[in-house]
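To keep things clear, I will list the structure first and then write my remarks on it.
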Amino acid sequence: MTAESSVSVPAPASAPTSPRAQDLWRRWRGVLGVLAFMIVLAAVTVLVSRPRPGGYLDPEATTPAGAHALAQLLRDQGVEIRPARSVDEARELAAPESLLLVTRTEFLAAGWLMDDLATLPGDRLLVEPVTEALQALAPGVSAGALTDVEPRAPGCTLPAAVKAGGAVTGGVSYNPPPGASSCYGGGLIGYTDGGRTVTVLGSGEFMTNRRLAEEGDAALAMNLAGSRPVVVWLAPTFPQAGPADGETSFADLVPAGVKWAAVQLLVAVVLVAFWRARRLGPVVAERLPVVVRAAETVEGRGRLYRSHGARDRAAAALRAAALDRIVPRLGLAGDVTPAGVVAAVAMRTGQDAQQAGAVLYGAAPGDDAGLVALARHLDTLERQVRDS
Amino acid sequence: MALTGRTGLLAAVGALAVLFAPQPGAAVLGLLLLLAALVTVDLLLAGAVRPLRLERSGERRVRLGDSVEVVLTVENPGRRRVRGRLRDAWSPSARAKPREQPLDVPAGERRRVVTTLVPLRRGDRESAGVTIRSVGPLGLAARQGSHAVPWAVRVLPPFLSRTHLPAKLSRLRELEGRNPVLIRGQGTEFDSLREYVAGDDVRSIDWRATARRSDVVVRTWRPERDRRVLIVLDTSRTSAGRVGVDPASGDPSGWPRLDWSLDAALLLAALATRAGDRVDFLAHDRAVRAWVTGASRTELLSVLVDTMAPIEAELIEADSESMVTAIMARASHRCLVVLLTDLNPAAMEEGLLPVLPQLASRHLVLLAAVSDPRVAAMAEGRETLEQVYDAAAAEHLRGERRRMTSRLRSHGVEVVDALPEQLAPALADAYLALKAAGRL
């Protein structure tokens with residue numbers, strides 16, 4: 001039956017199903033092309049639209065809030081601008097003859113950073129310092145009320161302010177320490193402390209690209225920032241944090257060879273992952289037949305009886321089954337009366353008729369123990385009928 | 001493409017070199033480039049998988065429980081040797097062994113790869129494709145590709161009850177050689193004349209023939225032949241229920257009623273064919289699923305198992321009315337209709353019972369059902385309260401089946417209700433009894 005039917009059928013041809021390299025290329029080139037186009041477009045946009053991103057008063061930012069114009073003006077005047085992004089950089093660039101211009105002090109909130117800055121030599125120009133910066137770099141000056149930024153007259157004798165005349169100033173107004181000059185309504189505090197000149201600005205707005213051309217802003221800014229041949233311009237762009245002096249992390253102590261060996265091990269792990277991840281052929285799916293045990297409904301009915309304590313129904317089912325087996329054995333017809341069955345059983349087994357009647361036709365058992373006892377009585381009765 | 005473990009090992013060993021290299025960063029980059037170059041070279045030198053020609057041969061049919069070998073011939077028309085691994089994938093229930101195996105085909109040669117299937121279930125098992133991984137000479141990388149090589153193996157019902165066939169056939173022969181007196185009746189027919197021997201019934205003496213010859217001659221009789229038997233298989237939801245123990249896998253969750261019924265149907269068909277009757281087969285739930293008619297006596301069994309192999313239980317309610325219509329349309333003369341279904345009281349009440357008289361008026365109906373040994377075991381439980389409740393539930397069902405059986409008998413329907421292993425012989429006995437009584 002198997003041999004004859006398998007011989008004549010010709011074997012069908014095989015066909016490769018895996019995609020070829022050019023198929024893959026054909027399928028993905030559109031996606032890759034779009035991706036490449038988007039990357040090129042983004043790069044060109046960044047390069048062409050020059051406004052270099054940068055924060056407020058960043059010497060290299062050409063945005064309205066940046067200070068590239070002021071830096072450029074200072075360079076034209078022969079002042080050397082040394083931009084610094086972190087306290088460490090500022091420390092390396094600072095010299096006794098330099099002016100330390102500090103902006104965005106909120107990024108230098110850590111106390112030890114301020115202490116670090118306070119040790120640097122040279123003059124200081126603080127733009128909108130936060131309280132910690134004020135305490136560390138301009139002790140004696142305290143912040144007062146907040147005023148509007150608007151064109152104001154100098155109202156003091158500080159040469160830089162007097163020469164510049166009116167300027168867009170304001171912001172935080174400071175309370176000057178004894179012996180200090182307070183210009184523009186407290187928006188500019190200048191004093192000399194131990195041979196260094198410290199200047200505190202309540203608003204740096206007049207130094208930005210946007211406002212530099214207004215009033216005497218440019219003059220004021222150049223007078224203040226160009227007072228020294230070198231300006232160390234500390235303009236942090238993100239919150240500064242790092243190890244404190246004298247501390248070295250675990251990573252610093254590990255030799256470079258070990259780090260690179262770890263990288264190499266990572267490469268090995270990735271390669272092993274590629275090896276293990278590649279399956280030999282796809283997963284084969286199959287429609288499975290349903291698995292239903294036929295006895296499940298009966299088991300369910302048994303549990304229902306139990307959970308509801310349906311002793312009457314259970315007893316009735318057991319009695320009916322026992323009678324179905326006993327009555328034919330007694331040679332009785334199917335339509336015999338209960339009394340007839342009981343009498344026949346009593347005669348056959350020699351048992352008390354009343355007792356047999358109670359087992360076969362009695363009331364439903366009152367408790368669970370009664371049900372179990374009834375089941376066993378029925379068994380006994382059935383056995384006696386069978387064996388007699 | 002695929003990498004091998006050797007690539008990862010090489011990279012891991014490279015980590016040692018990096019550890020002691022004077023310029024570790026450059027060493028990492030160099031190793032990476034070296035690995036990439038080696039992998040590329042290996043890929044280029046590996047034998048191509050795509051041009052391989054694969055061909056199958058071997059068995060297309062297997063009986064459930066047996067194993068079958070499927071041969072795959074791999075021909076390499078390329079210029080490079082193809083060395084690596086091959087996986088001949090089949091659906092999980094085909095239980096293909098080995099899962100994957102080594103392959104080494106030199107250029108221009110061909111190799112045979114044998115996969116052994118030990119199917120778990122009846123039905124058609126189809127090949128899910130062949131995947132080959134061809135490793136390069138360095139053993140670092142491999143090309144991988146799949147081929148569709150169609151092949152299907154039909155898993156036939158196991159016909160376990162064939163062990164009962166010799167016993168039933170000897171019963172049949174007994175029936176044929178029986179003392180004519182005991183069996184002569186409506187359903188017997190004249191067979192031949194032979195000489196009287198002491199012990200023959202004098203009533204069977206053919207006086208006319210005796211007068212022509214010098215000897216006393218008696219007529220002999222034999223059971224009727226050329227009767228029609230229509231086996232109707234119910235493939236509806238009740239046939240999906242599992243009973244007994246799966247004889248193919250030993251799975252204790254059981255074998256579907258459908259499979260037990262098929263087994264019984266095969267024994268009956270084999271017996272009836274030998275007895276000279278014609279056997280037709282119909283599978284039905286809401287529509288006709290299979291229909292076999294007019295198969296010659298020699299071919300009937302192979303046609304039957306082939307038809308039965310893909311039949312699965314459908315999870316829908318049977319439409320008894322359309323089944324009776326289908327039977328009536330196919331069996332115009334009186335025949336024995338063997339209904340293989342379940343004695344499910346609820347389903348019977350609504351489905352078969354109303355239309356049964358129509359069927360029974362025209363044909364002799366024999367209904368065969370598989371009873372559940374688990375229910376029988378539950379009915380015996382007396383140890384704990386739970387068991388007694390379960391026993392009550394089991395007795396409830398058995399009582400309903402008994403009542404259903406007696407109702408069916410009152411309609412003139414013969415009923416066989418037997419445990420899974422006993423269904424086939426019980427059905428064969430019922431058939432033999434009908435034949436002996438000449439009721440076919």
Side-chain angles (χ1 to χ4, degrees), chain A residues 1-2 5-6 9 11-18 20 256-265 267-269 271-272 274-275 278 280-282 284-286 288-299 301-306 313-315 317-318 320-321 324 368 371-372 375-376 379, chain B residues 2-5 7-8 11-12 14-15 18-19 24-25 28 31 50 53-57 59-61 85 87 89 91-93 100 128-129 131 133 145-150 240-243 253-254 302 312 315 372 374-375 378 382 385-386 388-390 392-399 402:
Chain A
M1 139 178 102
T2 55
S5 43
S6 64
V9 186
S14 71
T17 52
S18 303
R20 280 173 299 189
V258 174
K259 282 187 204 162
W260 284 108
V263 170
Q264 179 66 25
L265 278 179
V267 170
V269 166
L271 290 177
V272 168
F274 272 118
W275 164 44
R278 187 79 164 110
L280 191 56
V284 183
E286 180 180 18
L288 289 175
V290 62
V291 178
V292 192
R293 286 192 54 87
E296 264 175 14
T297 50
V298 180
E299 285 163 3
R301 181 183 283 272
R303 280 195 291 271
L304 264 180
Y305 278 169
R306 195 162 70 238
R313 284 173 185 277
L318 289 171
D324 275 354
D368 289 340
L371 181 65
V372 176
R376 289 183 185 153
D379 276 0
Chain B
L3 295 177
T4 65
T7 326
V18 169
L19 200 57
V28 167
L31 270 172
R50 175 163 280 268
R53 279 200 283 274
L54 291 93
E55 221 171 82
R56 280 195 196 275
S57 54
E59 292 292 334
R60 280 183 177 274
R61 276 172 180 72
R85 299 195 73 74
R87 176 180 169 217
S91 47
S93 74
E100 50 186 83
T131 306
R133 181 176 288 185
S146 296
H147 286 254
V149 198
R242 300 197 169 211
V243 295
S253 73
S302 67
E312 292 286 344
L315 293 186
D372 194 342
R374 171 106 184 91
V375 172
M378 276 165 73
R382 292 288 185 274
L385 180 66
E386 290 173 19
V388 171
Y389 274 123
D390 280 351
E395 290 290 15
H396 177 85
L397 178 75
R398 295 214 296 189
R402 270 197 301 275

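Remember, predicted model here, so these are calculated numbers, not experimental data. Letters A, B, ... mirror the listed sequences (proteins, then strands); counts begin at 1. Values reported hereafter were calculated over all heavy atoms of this structure, with side chains retained and with hydrogens, waters and symmetry mates removed.
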Minimum heavy-atom separation for [X] to [Y], with atom names?
{"X": "B:R87", "Y": "A:P282", "answer": "NH1-O, 3.2 Å"}
{"X": "A:A268", "Y": "B:A12", "answer": "CB-N, 3.5 Å"}
{"X": "A:P289", "Y": "B:R242", "answer": "CG-NH2, 3.8 Å"}
{"X": "A:L271", "Y": "B:G8", "answer": "CB-CA, 4.0 Å"}
{"X": "B:A11", "Y": "A:Q264", "answer": "O-NE2, 3.1 Å"}

inquiry  = Suppose we screen for salt bridge (charged side-chain N to carboxylate O under 4.0 Å, His left out). Which residues come up paired with B:R374, at least two apart in sequence or across chains?
reply    = A:E299
If you tally heavy-atom pairs under 4.5 Å against chain B, which of [options] wins?
{"options": "A:A262, A:A285, A:G281", "result": "A:G281"}
{"options": "A:T297, A:V258, A:D368, A:L265", "result": "A:D368"}
{"options": "A:A261, A:A320, A:A256", "result": "A:A261"}
{"options": "A:R293, A:E296, A:R303", "result": "A:R293"}
{"options": "A:L280, A:V372, A:V292", "result": "A:L280"}

message = Between A:L318 and B:V388, does the side chain to side chain contact (heavy atoms under 4.5 Å, CB included) criterion hold? Intermediate values first, please.
response = CA-CA 9 Å; A:L318 289 171; B:V388 171; 4.0 Å; yes
ask   = Hey, mind stepping through B:L3 and A:R278 against side chain to side chain contact (heavy atoms under 4.5 Å, CB included) and telling me if it holds?
value = CA-CA 8 Å; B:L3 295 177; A:R278 187 79 164 110; over 6 Å; no
inquiry  = Please report the interatomic distance CD(B:E55) to OG(A:S14), rounded to the nearest 0.5 Å.
reply    = 8.0 Å
key: Structural part of B:L19 lying under 4.5 Å from a heavy atom of chain A   = both
message = Given heavy-atom pairs under 4.5 angstrom as the criterion, report whether the side chain, backbone, both or neither of B:R398 touches chain A.
response = side chain
message = Which label fits A:Y305 and B:H396: parallel for a plane angle under 30°, tilted from 30 to 60°, or perpendicular past 60°?
response =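 Perpendicular, since the angle between the ring planes exceeds 60°.
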Side-chain (A:R306) to main-chain (B:D390) donor-acceptor, under 3.5 angstrom =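 No; zero donor-acceptor contacts below 3.5 Å.
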ask   = Short question: side chain of A:R301, backbone of B:A392 - any donor-acceptor pair under 3.5 Å?
value = no
Counting heavy-atom pairs under 4.5 Å to chain A, which of [options] comes out on top?
{"options": "B:S93, B:S146, B:A394", "result": "B:S146"}
{"options": "B:V375, B:V28, B:V243", "result": "B:V28"}
{"options": "B:G145, B:G25, B:G254, B:G399", "result": "B:G25"}
{"options": "B:M378, B:E312, B:R53", "result": "B:M378"}
{"options": "B:T7, B:L397, B:T4, B:L31", "result": "B:T4"}

